[in-house]
Amino acid sequence: MNYIESFIVTSGEITVFILRVFKSFRKIFKNYRLIIYHMFEISQESILILVFASLFMGMVSAYQIAYQMKDVIPMLYVSTIVTQAVLIEIGPIITGIGFSGKVSSQISAELSSMKVTDQIDALEVMSIDPIEYLVMPRVVAAILIIPFLTLITEFSIVFGSYLISVAALDITPNMFIEGSKKNFEMFQVFGGLIKSVMFGFFTVVLSCYFGITAKTGAKAVGRATTLSVTVSAIAVVILDYIFTRMLFLW
Amino acid sequence: MVKLENVTKKFSDAGLFGIDAHLPKNSFCTIIGRSGAGKSLLLRTMLGLIKPDSGSVLIDGTDIYKSKYKALREIRSKFGVLFQNNALLDSMNVFENVSLPVSYRHPEMGYDALNEIVSMRLKQTYLTGASEKYVNQLSGGMQKRVAIARALVTDPEILFYDEPITGLDPLTADGIVELIKNLHTEIKKTTIVITHDIRGFIDFTDYIMLIDEGKTIFCGPKEDFMKFDSIIAKAYLKMAGKS
């Protein structure tokens, strides 16, 4: 099978997989304990790394904007630009990329290990649908938890930028807060959160797909994990473009 | 009753080629063959995990590959399976592993009722007191017994054991063989053991199926197998000390 055929076949398989995931949403209440468990697990895995990366991202953003715009705009607008960019773009995408690096690799490695050790076949034989038992709870958990993670990420970026603005850019706390409020619209927050839900859904669905369809052997676990991280990261960027156009630029 | 009709599944380097078999209800059947003969592939085909290119797999008269997914799940609810590498869920303890097939199908079942069922199966497999342990805290023999307890917990009609003694030391292997025999005597359900080592099972088995290079060499009662004129069959009988 050449690359084009392989791409078409895999795309078709992923579409069918997504439809099966949607179908399994009927069993959400039956699996609520698993959903809660995965919400905690996903948060634990990603929250520290997101906060840490976001703080520095905020610091860099403030520095860059101040450096690029120092003779163009008043410094008051540093926080305006940071806040707008964070809510619409940087917050959701940092969360999405962080998700694809940390959560996606974890899920894919776990499910592919289960696959190569026959645990998924064992579930099938026990009449337990792996989509219903392994995939759906993770997807729902991701959809429910990612808006909160995005808000934490956004807050961390803005806070990082605030620290640098106040400490190194001669911007007073009041100036920063006033600047942040300029051009602020609630829709920007919701738009960013809608994007992050999409990132969470596709990242987890793709990592589950690559995990659950892994072939046999230790190499297959590595391949599934690498594929899921790579494809999820690319998917996040593509989805970001599509949803930014749909939500903010149309 | 398990019936295979002309089951064929081709891979680039191996496969099954026109497998026919009839394994009667409530009998103890042993499927033997060398490593790579196609035994595990045959098992996966019987379980509905690998669809054959042609032929039928009939469980109590129903072709599992012509059944819809829901019907297949119903058929599978008759199965209890011990996988070669046990396939226990390593994120769960013994109790959770053994109870999973019941607790998932009957979420309304209370803890006491579930505990009663699981405790009975743990007692049958000599695992009383191990219910809180995690899979990685257990020896190979204990893991095998946990997997057997899980296979038994739904009171299945057909029990499949894939290479139940492979990788175990002789003493532990003898213990597992005795456990499988005792369980069959006790519950009298169809038991299908897939193994390359027939020694422990030859005296107990009712039916033998011998496969080699993906083809059925023999399938029938043990008595006929003892008289079967084939080099491979004789090699197995010699290994079991019956020639």
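Letters A, B, ... mirror the listed sequences (proteins, then strands); counts begin at 1.
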Toward chain A, the part of [X] with a non-hydrogen atom under 4.5 Å:
{"X": "B:Leu88", "result": "backbone"}
{"X": "B:Tyr104", "result": "both"}
{"X": "B:Tyr69", "result": "side chain"}
{"X": "B:Leu49", "result": "side chain"}
{"X": "B:Asn86", "result": "neither"}

Counting only heavy atoms not in [X], do more than 12 fall under 6.0 Å of its [atom1]?
{"X": "A:Arg223", "atom1": "CZ", "answer": "no"}
{"X": "B:Gln137", "atom1": "CD", "answer": "yes"}
{"X": "A:Phe148", "atom1": "CZ", "answer": "no"}
{"X": "B:Lys133", "atom1": "NZ", "answer": "no"}
{"X": "A:Glu13", "atom1": "CD", "answer": "yes"}
{"X": "A:Met57", "atom1": "CE", "answer": "no"}
{"X": "A:Leu19", "atom1": "CG", "answer": "yes"}
{"X": "B:Phe11", "atom1": "CZ", "answer": "yes"}

Do the side chains of B:Lys70 and A:Asp129 get close enough for a salt bridge, i.e. N-O under 4.0 angstrom?
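No.
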To the nearest 0.5 Å, what is the distance between OG on B:Ser91 and CD on A:Gln119?
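Output value for this atom pair is 7.0 Å.
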Flag side-chain contact, heavy atom, 4.5 Å: [X] against [Y]:
{"X": "B:Arg44", "Y": "A:Asp118", "answer": "yes"}
{"X": "B:Arg150", "Y": "A:Met126", "answer": "yes"}
{"X": "B:Arg105", "Y": "A:Ile128", "answer": "no"}
{"X": "A:Leu123", "Y": "B:Leu100", "answer": "yes"}

Contact leader toward chain A among B:Val81, B:Leu47, B:Asp90, B:Thr154, where contacts are heavy-atom pairs under 4.5 Å:
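Most heavy-atom pairs within the cutoff with chain A belong to B:Asp90.
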Under a 4.5 Å cutoff for heavy-atom pairs, which residue among B:Leu72, B:Ile75, B:Leu89 has the most contacts with chain A?
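Option with the top pair count is B:Leu89.
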Please test B:Phe160 against A:Val125 for side chain to side chain contact (heavy atoms under 4.5 Å, CB included), starting from the C-alpha separation and ending with a verdict.
CA-CA 11 Å; B:Phe160 296 90; A:Val125 173; over 6 Å; no
Can you tell which part of A:Glu132 gets under 4.5 Å to a heavy atom of chain B, answering side chain, backbone, both or neither?
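Looking at A:Glu132, backbone and side chain both touch chain B.
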